[in-house]
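Order of the sequence lines sets the chain letters (A, B, ...), proteins ahead of strands, with each chain counted from 1. Keep in mind that the numbers below use all heavy atoms, side chains included, and drop hydrogens, waters and symmetry copies.
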Amino acid sequence: MSADDPLLSVRDLRTVFETDGGTVRALDGVDLDVRAGETVAVVGESGSGKSTLVRSITGLVDPPGRIEPSSSVRFRGEELVGRDDRGYEAVRGGHIGTVFQDAAASLNPVYTVGNQIEEALWHHRGLTGAAATEAAADLLGAVSVPDPRRRLRDYPHQFSGGMCQRVAIAVALAARPDLLLCDEPTTGLDAPTQAGILDLLADLQADRDLGVLFVTHDMGVVAEVADRVAVLYAGEVVERAPVEALFADPAHPYTRGLLASIPARNPDADRLPALDGSVPTPTDPPSCCRFAPRCPEAFDACRAVHPESIPVGDDRAAACLLYPADEPRERAVEIHRDGHDGRNGGTGSDDSRESGDGRAGSEDDRRGNGDGESDAEGSP
Amino acid sequence: MSADPSERRAVISSRWSYVLRRLVLAVPVVVLAASLTFVAVRLGPTDPVGAIIGPTGDPGRYHEVAVQLGIERRVDGRYVAVPLWEQYVEFMTDLFTLQLGQSWVISPETSVYAVIASRAPQTLWLAFWSALVAVGIGVPLGFYAGLHPNTPADYVASVGGIVWRAMPNFWLAIVVVTLLSQSGRLVGIDWAALLVPTDVVTSPSLTHLHRPERLAAAIKGILPAALVLGSASMGNEMRIARTAVLETRTERYVEAARAKGVPRELVVWKHVFRNALVPLVPVVTGEFFLLVGGAVLVETVFAINGIGRLFFEAAVQGDLPLVGSLLFLFALLTIGVNILQDVLYTLIDPRVGYER
């Protein structure tokens with residue numbers, strides 16, 4: 001693999017949960033790339049599948065949930081899907097660190113924080129005794145916990161919420177991973193603490209050239225941390241774009257709705273426009289646009305055709321029947337309809353997707369599959 | 001570990017001061033328990049003088065005995081009752097100076113210490129094995145069921161645990177005794193002759209336990225009674241252990257431990273079980289009280305000469321010094337087990353006993 005290849009390359013990731021009410025398709029064909037040194041934010045409401053995405057990457061999906069075998073999650077080109085627990089163990093923590101929401105709960109209350117950091121040091125770096133204590137103290141220092149040597153012997157309940165999150169980051173970084181998955185790491189913290197954690201993550205990322213996948217529901221946090229953004233809705237990525245472009249000119253109606261509900265962007269509004277309703281729980285294969293019932297711009301075809309991800313500009317794509325915008329609406333709908341058929345029809349798209357040739361690759365593939373006439377580069 | 005010794009000491013001393021505080025707080029509880037013992041003994045239906053003299057004794061000795069007991073005293077040639085509060089003070093003084101007196105009825109003229117000492121080993125042996133059966137079978141079964149929820153093994157363990165728990169020990173004791181006595185005819189294996197010859201009901205001999213065949217006989221002799229006495233505790237501990245593991249398994253720190261690459265077995269042993277022990281501590285120590293109550297019944301059915309049976313006999317026959325001493329002993333044991341429970345808590349869960 002070359003230096004430009006992504007650290008993490010997720011293709012057609014499908015995670016389903018078998019429930020009494022049917023099969024819940026928590027992730028339904030997610031494509032995503034994270035490269036070294038960059039932060040990709042995944043933004044979405046509750047129930048959009050954000051947390052499942054983080055867990056699916058390192059295989060932390062327990063029955064009744066499972067990752068469909070047709071999915072592909074590659075780390076440095078190596079396939080992770082289909083491994084057993086043993087196969088995942090070196091990756092978890094070793095190559096991919098994870099920071100969870102509510103750090104106080106993600107630290108075991110009956111062991112000292114030193115113990116929990118040294119546990120990771122032992123499993124991935126083989127450090128024990130004084131060497132492990134030394135390394136653990138260095139890690140606590142690196143995440144700006146004051147008096148690290150003494151605090152190693154403290155228990156999680158002796159730390160504040162923000163300090164707990166710093167400890168959790170130290171645990172995640174113990175084995176010097178290349179990729180950090182952050183599942184809402186600042187949710188539930190007060191604003192100054194939140195800012196401190198975000199600064200810390202930015203510093204650590206710069207120091208270690210970390211790739212960061214940052215999952216959040218907070219558009220304000222997205223604006224601060226992200227290089228690129230993927231908007232997740234009901235288990236599907238509905239829009240992806242560099243962060244500036246996304247905020248300047250959101251393509252998908254859902255993204256527009258999310259941005260409209262940020263207070264700071266709408267200082268004059270008496271009432272913020274809110275999206276009515278909530279994210280549906282998808283149980284059937286997509287046969288329509290899942291956002292259509294809440295979409296202010298929905299038309300008849302939205303309830304009959306599942307939108308494909310279509311390039312809508314430089315390094316950006318949206319899954320919406322409004323695009324390509326330069327085509328007549330009927331023609332655009334046809335592109336999506338064909339794309340859907342084409343995806344189900346051939347296996348060729350899977351092969352090309354797995355080649356993992358960068359972030360725009362999958363959209364181009366599908367475009368090529370579905371409709372040979374339209375030109376990806378020519379889209380607005 | 002390059003731990004700073006003074007820091008280490010501070011943590012330990014904080015835990016010890018917690019234990020010390022618990023000990024000091026136990027003092028008023030002990031006094032209260034002793035007072036309640038006095039109430040139960042002196043205000044109960046038994047006339048102590050009548051109990052000593054017995055139905056065939058000489059009624060003319062009544063006052064003489066009453067004076068001996070400190071219930072009456074002679075003033076100007078007449079017998080007058082000693083005020084209750086004076087009796088109370090005397091009773092408490094005796095109890096706390098550990099002058100427990102002599103047995104009246106069960107074995108007259110023998111000190112209470114000697115009577116209890118002769119019976120205690122049987123009960124300790126029974127309690128040890130029933131606790132071992134309960135904890136040693138109930139907790140592992142519950143942990144296993146909790147790790148494999150909704151599997152056939154889980155259903156068998158759960159339903160078995162509930163059924164086992166639901167059988168009252170006085171009934172189960174009779175059933176077990178009957179089955180074991182008839183085992184030769186029922187399944188062709190005679191329990192009494194199995195491995196080492198023992199009786200189904202009797203006190204196991206607890207002498208010469210260093211000799212393997214004597215030890216085996218003592219264990220085999222106590223096992224049926226221990227199984228019955230531990231049955232309720234075992235079912236309880238199984239259910240609580242299963243629930244505790246089920247709950248702990250879904251804790252975030254368990255997922256976080258997996259996310260940092262800790263192997264599955266170690267996640268279970270280090271992160272799940274240790275935390276699942278916390279809700280088990282009060283259950284296991286709470287079973288102790290079941291053991292005390294159950295020992296009375298089980299020892300009677302299995303004809304084991306233990307403290308439970310002694311207490312029952314003493315209460316029925318009005319041997320008040322024995323009853324009082326045993327009540328007080330049970331109270332002390334109960335308080336002791338409660339303190340032990342708190343010590344276990346501080347050992348397992350660092351959040352207990354810390355002052356900010």
Side-chain angles (χ1 to χ4, degrees), chain A residues 54-55 57-60 62 84-86 88-112 114-124 128-130 132-134 137 149-150 152-158 168 171-172 174-175 177 181 183, chain B residues 1-12 14-15 147-151 154 244 246-281 344-356:
Chain A
V54 168
R55 283 157 183 77
I57 290 170
T58 51
L60 290 173
D62 287 325
D84 58 7
D85 257 342
R86 282 266 170 275
Y88 269 117
E89 270 155 22
V91 177
R92 291 178 190 153
H95 302 309
I96 305 179
T98 309
V99 178
F100 291 101
Q101 185 181 349
D102 191 3
S106 64
L107 295 171
N108 194 329
V110 304
Y111 296 107
T112 61
N115 182 317
Q116 299 185 55
I117 298 173
E118 285 168 29
E119 189 175 32
L121 291 170
W122 154 238
H123 283 294
H124 298 291
T128 53
T133 310
E134 192 68 27
R149 193 160 286 281
R150 190 176 61 79
L152 281 180
R153 289 185 296 278
D154 282 346
Y155 289 93
H157 70 272
Q158 293 165 297
V171 171
L181 309 178
D183 182 10
Chain B
M1 291 287 186
S2 60
D4 175 2
S6 69
E7 283 289 334
R8 197 86 210 144
R9 262 202 303 280
V11 170
I12 292 166
S14 144
R15 287 182 176 182
L147 286 178
H148 305 89
N150 304 323
T151 58
D154 173 34
L246 271 180
E247 276 175 12
T248 312
R249 257 160 51 98
T250 57
E251 290 284 353
R252 295 241 176 177
Y253 53 74
V254 173
E255 185 176 47
R258 288 178 66 197
K260 68 181 170 187
V262 180
R264 191 177 269 268
E265 302 76 45
L266 202 63
V267 169
V268 168
W269 284 98
K270 176 175 175 180
H271 292 275
V272 176
F273 285 171
R274 168 92 181 255
N275 286 279
L277 283 180
V278 176
L280 266 176
V281 168
L344 283 177
Y345 261 141
T346 63
L347 290 180
I348 292 175
D349 191 341
R351 289 167 295 185
V352 176
Y354 264 102
E355 290 160 299
R356 289 255 174 190

> Between A/Y111 and B/K270, what is the shortest heavy-atom contact and its length?
OH-O, 2.6 Å

> Under 4.5 Å heavy-atom distance to chain B, tell me which part of A/I96 shows up: side chain, backbone, both or neither.
backbone

> Do you know the tightest heavy-atom contact between B/N275 and A/N108?
ND2-OD1, 2.9 Å

> So for A/A172, is it side chain, backbone, both, or neither that comes closer than 4.5 Å to the heavy atoms of chain B?
neither

> Would you name the heavy atoms of A/D62 and B/R264 that are closest together and state the gap between them?
OD1-NH2, 4.0 Å

> Side chain from CB out, backbone as N, CA, C, O: work out which of these in B/L266 comes under 4.5 Å of a heavy atom of chain A, or both, or neither.
side chain

> For the residue pair B/P350 and A/Q158, establish whether any side-chain heavy-atom pair is separated by less than 4.5 Å.
no

> How about A/R92 and B/R258: do any of their side-chain heavy atoms sit closer than 4.5 Å?
yes

> Is it the backbone or the side chain of A/D85 that comes under 4.5 Å from a heavy atom of chain B, or both, or neither?
side chain

> By a 4.5 Å heavy-atom criterion (distance strictly below it), what part of B/E255 contacts chain A: side chain, backbone, both, or neither?
both

> Please name the pair of heavy atoms, one in A/S106 and one in B/A256, separated by the smallest distance, quoted to 0.1 Å.
O-CB, 3.3 Å

> Any idea which of A/H123, A/E119, A/R86, A/R55 has the most non-hydrogen atom pairs under 4.5 angstrom with chain B?
A/E119

> Could you tell me which of A/G94, A/G93, A/P109, A/A90 has the largest number of non-hydrogen atom pairs under 4.5 Å with chain B?
A/P109

> Indicate the atoms forming the closest heavy-atom contact of B/R252 with A/A105, along with that distance.
CB-O, 3.3 Å

> Look only at the side chain of B/K260 and the backbone of A/Q116, and say whether a donor-acceptor pair between them is shorter than 3.5 Å.
yes

